Amino acid sequence: MSNILTIAMPKGRIFEEAVGLLRKAGYRLPPEFDDSRKLIIEVAEEGLRFILAKPMDVATYVEHGVADVGIAGKDVLLEEERDVYELLDLKISYCYLAVAGLPDTNMNDVAPRVATKYPNVAEAYFREQGEQVEIIKLNGSIELAPLIGLSDRIVDIVSTGRTLKENGLVEYERMVDVTSRLIVNPVSYRIKDTRIDELVTRLHEVVS
Ligand SMILES: Nc1ncnc2c1ncn2[C@@H]1O[C@H](COP(=O)(O)OP(=O)(O)OP(=O)(O)O)[C@@H](O)[C@H]1O
Ligand SMILES: O=P(O)(O)OC[C@H]1O[C@H](OP(=O)(O)OP(=O)(O)O)[C@H](O)[C@@H]1O
């Protein structure tokens with residue numbers, strides 16, 4: 001069995017914060033990390049191998065075992081419901097999911113429509129509210145939907161509120177807080193327990 005630990009890292013906004021956490025935890029990551037287009041980066045002296053993925057795909061790589069552990073937003077874990085264990089709240093990339101729309105508007109009585117990048121989360125949320133809605137799946141720039149008459153509401157990530165404000169939208173309901181989480185493949189957790197426990201311990205010391 002290889003003693004290499006493969007970590008699925010999310011490209012984009014979380015990446016830098018996650019690399020900072022690993023360096024604070026004492027993992028010596030090379031400068032190439034900071035500006036590389038490589039999708040696989042080996043750090044032999046640390047026994048680590050990083051795969052750089054789309055944030056929404058991290059849990060998929062971990063579930064299939066091609067990565068032992070990964071760093072994924074709680075929004076992704078709620079949306080995807082992958083067969084992975086969540087080991088640690090890394091307390092980075094704070095944001096939250098919210099229902100938003102044009103001000104002073106109600107949802108369409110007959111066929112209310114909600115645009116979102118998170119169809120499963122949105123459908124479950126409105127079902128719990130006793131509301132039957134039509135979900136429209138989008139992959140980005142979700143705030144456009146109410147502005148062009150595509151939907152009555154959106155379910156999307158909010159952080160500072162700037163995107164909503166600059167597009168003339170208001171938040172109607174705050175749904176769930178989101179941070180990035182350390183996740184693990186259930187089999188890896190058993191066969192590489194020593195290395196994974198060490199990773200969790202060192203990261204826990206940094207984020208506590
Ligand atoms: N405005 C934000 N502030 C803080 N964290 C955010 C924000 N937007 C998203 N996130 C978090 O960062 C993760 C990645 O978000 P991002 O929008 O970069 O992913 P993506 O849309 O898949 O990537 P891309 O925009 O390159 O297609 C999300 O899963 C969420 O946890
Ligand atoms: O409250 P704010 O600080 O304005 O942040 C919220 C925005 O951040 C994300 O956009 P991003 O451009 O990262 O991703 P997207 O391509 O999914 O819109 C999210 O989709 C919101 O649009």
Side-chain angles (χ1 to χ4, degrees), residues 7-22 33-41 50-64 66-67 69-82 84-103 113-125 135-148 150-184 203 207:
I7 304 180
M9 293 284 280
K11 296 194 292 183
R13 63 171 74 243
I14 300 180
F15 183 78
E16 280 182 35
E17 287 188 271
V19 169
L21 280 187
L22 288 165
F33 246 82
D34 301 311
D35 181 21
S36 168
R37 293 289 299 167
K38 288 170 72 176
L39 295 177
I40 299 178
I41 301 179
F50 293 88
I51 58 176
L52 278 63
K54 284 283 285 181
M56 199 62 98
D57 291 341
V58 165
T60 303
Y61 293 111
V62 175
E63 180 184 56
H64 287 274
V66 293
V69 298
I71 294 176
K74 185 64 178 177
D75 52 315
V76 171
L77 302 177
L78 290 170
E79 176 62 24
E80 294 281 310
E81 293 191 352
R82 295 284 173 188
V84 299
Y85 298 151
E86 187 180 313
L87 296 182
L88 189 61
D89 180 346
L90 297 173
K91 299 179 183 177
I92 59 173
S93 206
Y94 279 91
C95 54
Y96 59 94
L97 283 165
V99 178
L102 288 168
R113 292 190 294 182
V114 176
T116 184
K117 191 164 127 181
Y118 305 95
N120 295 328
V121 169
E123 188 158 16
Y125 181 82
I135 298 291
I136 300 173
K137 171 72 163 66
L138 294 174
N139 295 299
S141 301
I142 316 297
E143 295 80 2
L144 266 178
L147 304 178
I148 57 178
L150 177 63
S151 73
D152 310 295
R153 293 286 187 269
I154 62 171
V155 166
D156 195 23
I157 293 276
V158 179
S159 178
T160 64
R162 180 181 165 208
T163 306
L164 290 181
K165 185 176 180 184
E166 290 193 15
N167 288 285
L169 300 178
V170 295
E171 184 179 311
Y172 281 96
E173 298 158 64
R174 182 169 181 146
M175 298 166 63
V176 60
D177 289 345
V178 169
T179 52
S180 302
R181 308 300 169 93
L182 182 72
I183 59 175
V184 67
L203 285 174
V207 301

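Please read all numbers here as calculations on a predicted model, not as lab measurements. One-based numbering, in listed order, for ligands and for the atoms of each. Scope of the values below: all heavy atoms of this structure, side chains included, with no hydrogens, waters or symmetry mates.
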> Got the residues with a heavy atom under 4.0 Å of ligand 2, by chain and number?
Replying inline: R13, K117, G140, S141, E143, D156, I157, V158, S159, T160, G161, R162, T163

> Among all residues two or more places apart in sequence or in another chain, which pass the side chain to side chain donor-acceptor pair (under 3.5 Å) test with R113?
Replying inline: none

>> Whether the side chain of E143 engages the backbone of L164 through a donor-acceptor N/O pair (distance < 3.5 Å, no angle test) should be reported.
In response: no

>> To check you understand the geometry: which heavy-atom pair defines the closest contact between A53 and V58, and what is its length?
In response: CB-CG2, 4.2 Å

>> If we ignore hydrogens and angles and just use 3.5 Å, is the side chain of D177 paired with the main-chain N or O of Y96 as donor and acceptor?
In response: no

> Does the pair E86/K74 count as a salt bridge with the N-to-O cut at 4.0 Å?
Replying inline: yes

> Shortest non-hydrogen contact from T116 to Y118?
Replying inline: OG1-N, 2.8 Å

> Can you check whether L102's main-chain N or O pairs, donor with acceptor, with Y172's side chain at less than 3.5 Å?
Replying inline: yes

Side-chain donor-acceptor contacts of residues 153-161 below 3.5 Å, not counting sequence neighbours, with atom names and distances?
| from | atom 1 | to | atom 2 | distance (Å) |
| --- | --- | --- | --- | --- |
| R153 | NH1 | T105 | OG1 | 3.1 |
| R153 | NH2 | T105 | O | 2.6 |
| T160 | OG1 | R162 | N | 3.1 |

> Who's touching ligand 1 if we go heavy atoms under 4.0 Å?
Replying inline: R13, I14, K54, P55, G73, D75, V76, S93, Y94, C95, K117, I157, S159, V178

> Taking the inter-plane angle between the rings of F33 and F50 on a 0 to 90° scale, is it parallel (under 30°), tilted (30 to 60°) or perpendicular (over 60°)?
Replying inline: perpendicular

